[in-house]
J.: 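Sharing a structure here in structure tokens format.
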Amino acid sequence: MLSYDVVIIGGGLAGMRAAIEAAKYARVALLSKVYPTRSHSGAAQGGLNVVINENDSWQSHMFDTVKGSDYLADQDAVETFCKEAPQAMYDLDHMGLIFDRTEDGHLDQKFTGGATFPRNCFGGDLSGHKILHTLYEQLLKSNVTIHNEFTVIKVLTEEKAFQGLMVYDLKHGQIEVVRAKAALMATGGYGQVFLRTTNDAINTGDGMALALRAGASLQDMEFVQFHPTTLFGSNLLVSETLRGDGGWLLNSDGERFMSRYVPTKMELSPRDIVSRCIQSEIREGRGIDGEDYVHLDVAHLHQSGTFDIMKRFPQVSVIAEKFAGIDISKQRLPVQPAQHYSMGGIMANVDGETGIKGFFAAGECACVSIHGANRLGGNSLIDALVFGKRTGISIGQYAAENTMPTLNNEQQQQERQRIASIMDRSGQESTPHIRKELQTLMSADVGIYRDEESLSNALSTIRQLKRKLPNVGIKDKSQVFNTDLLGYLELEYLVELSEIITLGALKRRESRGSHFRKDYPERHDEEWLKHTLVSLQKDGELMIDHKPVSITDLTPAERTY
Ligand SMILES: Cc1cc2nc3c(=O)[nH]c(=O)nc-3n(C[C@H](O)[C@H](O)[C@H](O)COP(=O)(O)OP(=O)(O)OC[C@H]3O[C@@H](n4cnc5c(N)ncnc54)[C@H](O)[C@@H]3O)c2cc1C
């Protein structure tokens, strides 16, 4: 049986940053479903928001973040985040991260949506890739043990205390039990709940679903971010920083339509607003050639000599060429909104504590909450770094002060039997079919625009799909590299999370940030300035509760730009 002081689940930015820190206090292992450098963090293009210019201030970063969140973010947590973000950036710099610099050698910075100062640091449009590899080098240098292609399938807890983990080792086809004093969930988002998403195929929300089953609460799950500009057809991301550098959004009349909606901020309004504007243009028949997309134009920046666009956006240039046959220095890009980020997640504080002793969460799978109802572009990579580091310290110290918990053998046996019975199934339902049906439903009915009818319809269909799960057949009966089994387990997580997202959206009868109800288009602070919490009762039913928003300095105001 494997045994460590601390186990970190996830090899993205949050997991690796935490592991490096925790290893200063304890014997640490990092488990990852995929090889760490394949984590979704590596797909991040834009960059990260930090206050490093003397004309900028953490108060201004905090104001932008809280206003962007539509006042649902916890202000004490946002203050910690904004104050610690610069050091998190310098840490990377000292590890050898190569980011863009100005002529005089300072870190270069640019605008992102909803920001009042150009505070986004970047490495071309390959920011996530660069950070991921820098952290991986540090991880290899540390004494952290890395287990690749180890998929956690169960968090063992009793009486709200962590006991250990159960893992499917893909290469050897075995279910392992991993003992540890403490574990950190850093498993990223659940983008695969939706048909149109910028997220990787591996982003199936495992950590959130497993944490819920283990007794943790999920917070604010109804808030799903849709990114305004993803490439039509593939939904690969087209970074917000193209608009940060002056890109235009155009409808079928060639009009910069944002001037009708938010003339002060234009294309650099927050993501929830720009997504809704694009969707309205499409709905009102001003999509290009009657299709579900508008144009993003950066060619004028190249032609006017403002930027060498191929050098400024090497990744987007290649993506546009390979996936749409477009030369962005000459042609306009077809773009449409798609799911991008989960503001909700495992309820956690700024030190990653979840309310379950010895069980921590950080990164996109956690809800601290600094993004509230809408995250600003450039605030997530730095979220994973700031709270990855803090949680790494707190989990390391926790392990140094606590003893190894005793394992409950009965729970382990039950889980082994559950997996064995899934493997035995020969039902007629198929994982890919149900997954596609679920994703199509979620994009259609729980997307950018929602109402009572679409949400009720989605909820009842999700519950029908849930009832079909026991009839899903597992065709691959072998032990080793069984992606059929893994795909089924991921489907369970997707269905469970879809139900929670939809239930939260149905209950929240107001519009706030990314959650827009056509039947309740106004924000309603008297009733809804509160977080949604969902937990699992003993009988398997979901329980909804609420928690007040922490408000320190910034009184909720109308969100005009
Ligand atoms: C295309 C794209 C572009 C983005 N661009 C930006 C940007 O420019 N700026 C910004 O601030 N944010 C950006 N974001 C958001 C940001 O990249 C993510 O929120 C952040 O990187 C998440 O980091 P993470 O460590 O929490 O998760 P991830 O990087 O997703 O890592 C999750 C890890 O968990 C592991 N895992 C998952 N399930 C299991 C399991 N069951 N068992 C074991 N391991 C498991 C995976 O193997 C993986 O290693 C972007 C996101 C996308 C999708």
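Here, residue 1 is the first one in the sequence, and each next residue gets the next number. In listed order, ligands and their atoms are each counted from 1. A quick note: this is a predicted structure, and the numbers were derived from the prediction, not measured.
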J.: Strictly below 4.0 Å, N to O, side chains only: are D108 and R101 in salt-bridge contact?
T.: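 Judged by the 4.0 Å cut-off on N to carboxylate O distance, D108 and R101 do not form a salt bridge.
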J.: Please determine, by modelled atom types, if S41 and S39 share a side-chain donor-acceptor pair under 3.5 angstrom.
T.: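 No, no side-chain donor-acceptor pair sits under 3.5 Å.
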J.: Does S127 reach ligand 1, in the sense of a heavy atom lying below 4.0 Å from it?
T.: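 No heavy atom of S127 comes that close to ligand 1.
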J.: State if G128 counts as touching ligand 1 under the rule of any non-hydrogen atom under 4.0 Å.
T.: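 No heavy atom of G128 comes that close to ligand 1.
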J.: Would you mind running through ligand 1 and noting each atom that sits below 4.0 Å from a heavy atom of N199?
T.: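 With N199 as reference, the close atoms of ligand 1 come out as 53 (C).
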J.: Note the single closest protein heavy atom to atom 28 (P) of ligand 1, along with its residue, its atom name and the distance in Å.
T.: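 Atom 28 (P) of ligand 1 sits closest to the protein heavy atom S41 OG, 3.8 Å.
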J.: Determine, using heavy atoms of F150 and all atoms of ligand 1, whether some pair is separated by less than 4.0 Å.
T.: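 F150 counts as a contact of ligand 1 under the 4.0 Å cut-off.
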J.: Identify, by atom number and element, the atoms of ligand 1 in contact range of Y341, meaning under 4.0 Å from any of its heavy atoms.
T.: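 What qualifies from ligand 1 is 19 (O).
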J.: Quick one about H227 and T198 (side-chain donor to acceptor, distance below 3.5 Å, no hydrogens or angles considered), yes or no?
T.: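 Note: T198 and H227 side chains miss the donor-acceptor criterion.
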J.: Against ligand 1, does H227 come closer than 4.0 Å with any heavy atom?
T.: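 No, that is not the case, since the closest heavy atom of the residue is not under 4.0 Å from the ligand.
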J.: Side chain, backbone, both or neither: which part of M208 has a heavy atom under 4.0 Å from ligand 1?
T.: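 Neither part.
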J.: Is it true that Q225 lies under 4.0 Å from ligand 1, counting heavy atoms only?
T.: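 Contact absent.
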J.: With heavy atoms of L237 as the reference, note each atom of ligand 1 found under 4.0 Å away.
T.: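 Here the atoms of ligand 1 in question are 1 (C), 2 (C), 3 (C).
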J.: Whether E415 and R213 form a salt bridge (side-chain N of Lys/Arg under 4.0 Å from carboxylate O of Asp/Glu) is what I want to check.
T.: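 So R213 does not pair with E415 through a salt bridge.
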J.: Students often mix this up, so state it plainly: with edges at 30° and 60°, are the rings of F232 and Y293 parallel, tilted or perpendicular?
T.: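 Ring orientation, 0 to 90° scale: tilted.
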J.: Which is closest to atom 33 (C) of ligand 1 by heavy-atom distance: G15, A186, S32?
T.: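 Residue with the shortest heavy-atom distance to the ligand atom: A186.
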J.: For residues T145 and R27, is any side-chain donor paired with an opposing acceptor at under 3.5 Å?
T.: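 There is no such pair (donor and acceptor under 3.5 Å, judged by atom type) between the side chains of T145 and R27.
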J.: Quick one: do R119 and D64 make a salt bridge, cutoff under 4.0 Å?
T.: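 Here R119 pairs with D64 in a salt bridge, since their nearest N and O are under 4.0 Å apart.
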J.: Side chain, backbone, both or neither: which applies to T241 and ligand 1 if a contact is any heavy-atom pair less than 4.0 Å apart?
T.: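 Under 4.0 Å from ligand 1, T241 contributes no heavy atoms.
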J.: Looking at E490 and K33, does any basic side-chain N land under 4.0 Å from a carboxylate oxygen?
T.: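 Counted as a salt bridge, because a side-chain N and a carboxylate O are separated by less than 4.0 Å.
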J.: If the threshold is 4.0 Å, N to carboxylate O, is there a salt bridge linking D292 and R196?
T.: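 Counted as a salt bridge, because a side-chain N and a carboxylate O are separated by less than 4.0 Å.
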J.: Identify, by atom number and element, the atoms of ligand 1 in contact range of V152, meaning under 4.0 Å from any of its heavy atoms.
T.: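 In order of number, 40 (C), 41 (N), 42 (N), 43 (C).
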J.: Near V34, which atoms of ligand 1 are under 4.0 Å from a heavy atom of that residue?
T.: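 In order of numbering, the contacting atoms are 47 (O).
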J.: What atoms of ligand 1 come closer than 4.0 angstrom to any heavy atom of L13?
T.: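 In order of numbering, the contacting atoms are 25 (O).
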J.: Should the pair Y190 and F194 be assigned to parallel (<30°), tilted (30 to 60°) or perpendicular (>60°) ring geometry?
T.: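 It falls in the tilted class, 30° to 60°.
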J.: At a 4.0 Å threshold, what atoms of ligand 1 neighbour a non-hydrogen atom of G363?
T.: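 Going through ligand 1 atom by atom, the ones under 4.0 Å from G363 are 26 (O).
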J.: Under a plain distance cut-off of 3.5 Å, with no hydrogens placed, do N374 and Q225 share a side-chain donor-acceptor pair?
T.: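 Short answer, yes.
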J.: Can you find a non-hydrogen atom of T198 under 4.0 Å from ligand 1?
T.: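 The answer is yes, since T198 has a heavy atom less than 4.0 Å from ligand 1.
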